[in-house]
Amino acid sequence: MPEKITGAEALIRGLIAEDVDRVFGYPGGYIIPVFDRLYDYMDRINCVLTRHEQGAMHAAQGYARASHRTGVVIVTSGPAATNLITGLSDAMMDSTPLVVVTGQAPSDMLGTDAFQETDVMGITQPVTKWSYQIRHASEVNWAVARAFHIASTGRPGPVVLDFTKDAQNELTESGYEPCNFIRSYIPRPELNPADIKTLANLINHSRRPMILAGQGITISEAEEQLKALAEKADIPVAATLLGLSALPSDHRLFKGMLGMHGNFGPNINTNRADLIIAIGMRFDDRVTGVVEQYAPQATIAHIDIDEAEFNKNIHVDLKVHADARETLEALLPLVNKSSRAGWISAFDRHNAAEQRLVIDGATHGTDPSEPATMGETARIVSEAAAPGAILVTDVGQNQMLSARYFRFTAPRSIITSGGLGTMGFGLPAAIGAKMGAPEREVYLFTGDGGLQMTEQEFGTIMQYGTAVKIVLLNNNFLGNVRQWQSLFFKDRFSMTRMLNPDFKMLAASYGIEAIDVATRGELPEAVKKFVESERPMLLNVNIRETDMVFPMTPVGQPVDYIMINPTDIYNPE
């Protein structure tokens with residue numbers, strides 16, 4: 001006879017069958033049966049109590065992206081469920097696999113405005129791959145298996161299971177079977193050999209090809225195939241923000257980051273290339289600039305597992321609807337061994353100009369008594385960090401400067417909120433990243449604005465001793481908004497100056513050691529102590545409030561229109 005177990009027990013056994021070793025969450029009335037059953041499985045599943053449900057979401061995102069596993073979140077109903085929406089939207093835009101379980105009022109109370117009841121299905125369906133309400137215990141095994149299959153396959157994303165309390169308590173038969181097939185859901189489209197031949201022919205006959213590497217490379221674990229293609233065909237590679245670390249920063253063919261605050265070479269040569277090979281990226285507006293003037297000389301080939309991305313923002317000439325790694329493996333034998341030294345030197349020439357006009361000043365100060373710059377802080381921390389360190393960022397100037405100047409030596413080394421741009425993402429995401437990859441150093445770069453949105457997660461660090469290294473770039477402003485106000489709104493700094501707490505005292509109240517850095521002269525010694533510590537630590541760096549992120553392509557301009565300071569535009573001639 002099959003064993004009879006509760007729906008809550010079936011959920012926990014399903015998680016174990018899916019090899020889940022950690023969940024992030026927050027208990028409450030309508031999810032207590034699940035947490036009660038979880039109590040008996042603490043030797044198999046680590047449960048992380050965050051201080052806010054949004055923190056649980058971002059921590060699960062950081063965990064998923066650092067570990068290449070599906071993140072799991074369990075919370076209660078009502079306000080707990082609505083607190084997940086930012087994280088769900090973020091995970092959906094950045095293709096992060098999550099299975100999220102929310103408690104819900106009993107089935108016979110649905111629609112009655114019961115205490116802490118809310119329409120989780122209606123709210124979450126627009127920002128998830130799939131949402132399902134479990135009203136009977138007999139549905140649990142089916143729903144959990146389906147949820148993990150959908151979340152982790154194809155273009156990954158978040159899934160929500162809304163679990164009524166009566167279904168949690170109701171009995172059902174044990175017996176979990178993983179899901180490997182859903183009719184009408186084709187997560188891995190079949191590769192078309194004709195597309196591969198066409199793409200190989202385009203590469204073999206191009207003079208100025210360029211690869212745009214997106215996060216799809218990382219999701220598909222296609223880093224080695226990308227490197228092999230670039231080296232064989234001698235093609236320069238540029239990355240989106242989320243595509244950084246697909247190639248090591250010091251690889252001779254890696255030419256930098258694309259987009260609004262990207263590098264000179266990739267942005268200028270986007271509009272000089274005769275072939276663009278876009279892999280696992282979505283032509284975001286921050287990458288393209290004004291679309292009518294994007295890559296006018298190029299044939300554009302787009303490789304993506306999500307058919308919805310084709311021609312969504314940029315019209316492409318060749319659509320390759322397939323997995324990135326599978327595509328590159330099929331493409332490699334058909335591509336000729338080539339040398340494109342002249343084309344590659346065009347990137348190097350522009351990037352050398354950027355080094356002289358922007359980078360040297362942003363990363364190397366002269367007066368030791370002045371506040372440090374964001375760029376030099378990122379440079380010094382990166383140089384001191386161990387190989388393979390993971391960069392986690394919040395959103396704003398801290399994000400752009402650290403992404404530009406942190407050096408990546410291994411894949412899966414940047415975790416940031418790319419599509420949604422969620423301030424407050426950084427601290428909980430860094431906690432999750434360290435839990436997902438405990439063998440790697442994790443450095444969070446955050447601003448004083450973003451940190452204060454989720455600073456309660458210092459409590460999670462205190463409870464679990466998670467050795468996250470937090471670099472606070474502190475300028476007492478919402479720095480990115482201030483930059484726009486300065487450049488485009490005549491220095492009208494409306495609602496951007498911040499009165500901040502004593503962050504060192506705040507960290508100390510959670511048992512986290514902190515170092516205050518008032519001037520750049522103090523920075524090297526402070527960074528050395530910061531990096532060598534094996535415990536969580538906060539480095540609170542006093543930053544010039546006027547510090548800005550350059551280069552910059554303003555909204556409404558083509559990608560090769562590049563500001564190098566508030567008044568000057570880069571002239572590539």
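The structure presented is a predicted model; accordingly, all values stated were derived computationally and were not measured. What's counted below: heavy atoms across the whole structure, side chains too, no hydrogens, waters or symmetry copies.
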Nearest heavy-atom approach of Ser67 to Gly436 is CB-O, 3.6 Å

Looking only at heavy atoms, the pair that brings Asp323 and Ser220 closest together is OD1-OG, 2.9 Å

Walk me through it: do Ser95 and Gln215 pass the test side-chain hydrogen bond (donor to acceptor under 3.5 Å, both in side chains)? CA-CA 9 Å; Ser95 305; Gln215 191 189 199; 4.9 Å; no

So Gln452 and Phe503, side-chain contact (heavy atoms from CB on, under 4.5 Å) or not? Walk me through it. CA-CA 10 Å; Gln452 290 181 85; Phe503 287 106; 3.8 Å; yes

Is there a side-chain contact between Phe530 and Val471 in this structure, where contact means two heavy atoms from C-beta onward sitting under 4.5 Å apart? yes

State whether a side-chain donor-acceptor pair under 3.5 Å links Asn540 with Asp516. yes

Would you mind checking if Asp304 and Lys319 are paired as a salt bridge, meaning a charged N to carboxylate O distance below 4.0 Å? no

Nearest-0.5 Å distance that lies between atom OH in Tyr561 and atom CD in Gln293: 11.5 Å

Under 4.5 Å between any side-chain heavy atoms of Trp343 and Ile235, yes or no? no

Counting C-beta onward and ignoring hydrogens, is there a side-chain heavy-atom pair between Leu487 and Met552 closer than 4.5 Å? yes

Ring centroid separation for Phe406 and Phe408, is it under 6.0 angstrom? yes

With sequence neighbours left out, the residues meeting salt bridge (Lys or Arg N to Asp or Glu O under 4.0 Å) with Lys529 are Glu513

Distance from Leu199 atom CG to Leu229 atom CG, nearest 0.5 Å? 8.0 Å

For Leu538 and Leu472, what are the C-alpha separation, side-chain angles and deciding distance, and is it a side-chain contact (heavy atoms from CB on, under 4.5 Å)? CA-CA 7 Å; Leu538 171 70; Leu472 172 57; 3.9 Å; yes

Can you name the residues that form a ring pair (Phe, Tyr, Trp, His ring centres under 6.0 Å) with His350, not counting sequence neighbours? Tyr570

For residues 202-218, which residue pairs qualify under salt bridge (charged side-chain N to carboxylate O under 4.0 Å, His left out), counting only residues two or more places apart or in two chains? none

Heavy atoms, side chains only, cut-off 4.5 Å: are Glu329 and Leu191 in contact? no

Straight-line distance of Ile303 CD1 to Ile211 CD1, nearest 0.5 Å: 8.0 Å

For Phe445, which of Val381, Val392, Leu539, Leu401 qualifies under side chain to side chain contact (heavy atoms under 4.5 Å, CB included)? Val381

Indicate yes or no: does Lys312 engage Glu309 in a salt bridge with an N to O separation below 4.0 Å. yes

Donor-acceptor pair between Thr373 and Asp547 side chains, under 3.5 angstrom: no

Side-chain heavy atoms of Ile344 within contact of Leu253, under 4.5 Å: yes

Just do the side-chain contact (heavy atoms from CB on, under 4.5 Å) check on Asn480 and Asn398 with the steps written out, would you? CA-CA 9 Å; Asn480 209 45; Asn398 62 86; over 6 Å; no

Heavy-atom neighbours of Gln297 CD exceed 12 at 6.0 Å: yes

Locate the shortest heavy-atom distance separating Ser245 from Ala410; write the atom from each residue and the value. CB-O, 3.5 Å

For His251, look at atom NE2 and say whether over 12 heavy atoms of other residues, nucleotides or ligands are found less than 6.0 Å away. yes

Residues in ring pair (Phe, Tyr, Trp, His ring centres under 6.0 Å) with Tyr405, at least two apart? none

Set out, in order, the CA-CA distance, both residues' side-chain angles and the distance that settles side-chain hydrogen bond (donor to acceptor under 3.5 Å, both in side chains) for Thr416 and Gln399, then state yes or no. CA-CA 8 Å; Thr416 188; Gln399 178 185 38; 2.7 Å; yes

Contacts of type salt bridge (Lys or Arg N to Asp or Glu O under 4.0 Å), residue Lys504, not counting sequence neighbours: none

I'd like to check Arg286 versus Val555 (side-chain heavy atoms, cut-off strictly below 4.5 Å). Are they in contact? yes

Does Asn351 form a side-chain hydrogen bond (donor to acceptor under 3.5 Å, both in side chains) with Asn263? I'd like the steps, not just the answer. CA-CA 7 Å; Asn351 285 347; Asn263 295 102; 5.0 Å; no

Non-hydrogen side-chain atoms of Arg282 and Val287 separated by less than 4.5 Å: no

What residue among Lys129, Met92, Gln61 forms side chain to side chain contact (heavy atoms under 4.5 Å, CB included) with Leu98? Gln61

Output all residues satisfying ring pair (Phe, Tyr, Trp, His ring centres under 6.0 Å) with Phe254, sequence neighbours left out; order by chain, then residue number. none

For Lys197, enumerate each residue passing the salt bridge (Lys or Arg N to Asp or Glu O under 4.0 Å) test, keeping only those at least two apart in sequence or located in another chain. none

Could you tell me whether the side chain of Asn475 reaches within less than 4.5 Å of the side chain of Gln397, counting heavy atoms only? yes

Would you mind listing every salt bridge (charged side-chain N to carboxylate O under 4.0 Å, His left out) that reaches into residues 219-246, with sequence neighbours excluded? Asp234-Arg252

Would you name the heavy atoms of Ile300 and Ala295 that are closest together and state the gap between them? CD1-CB, 4.2 Å

Show me the pairs that pass salt bridge (charged side-chain N to carboxylate O under 4.0 Å, His left out) and involve residues 472-500, at least two apart or across chains. Arg497-Glu545

Applying side-chain hydrogen bond (donor to acceptor under 3.5 Å, both in side chains) to Asp317 and Thr299, what does each step give before you reach the verdict? CA-CA 6 Å; Asp317 301 284; Thr299 298; 4.7 Å; no

For Leu226 and Ala213, the nearest pair of non-hydrogen atoms, with its separation, is CD2-CB, 4.1 Å

Atom pair CG/CE of Asn474 and Met498 - distance to nearest 0.5 Å: 9.5 Å

Going by side chain to side chain donor-acceptor pair (under 3.5 Å), name the pairs with one or both residues in residues 272-281, residues two or more places apart or in two chains. Arg272-Asp560

Can you tell me how far the CD atom of Gln54 sits from the OG1 atom of Thr454, to the nearest 0.5 Å? 7.0 Å

With sequence neighbours left out, write down each residue that passes ring pair (Phe, Tyr, Trp, His ring centres under 6.0 Å) with Phe493, or none if nothing qualifies. Phe477

Would you mind listing every salt bridge (charged side-chain N to carboxylate O under 4.0 Å, His left out) that reaches into residues 394-411, with sequence neighbours excluded? Glu354-Arg404

In short, Pro158 meets Val127 closest at the heavy-atom pair CG-O, 3.7 Å

Hey, mind stepping through His302 and Ile314 against side-chain contact (heavy atoms from CB on, under 4.5 Å) and telling me if it holds? CA-CA 10 Å; His302 190 182; Ile314 296 294; over 6 Å; no

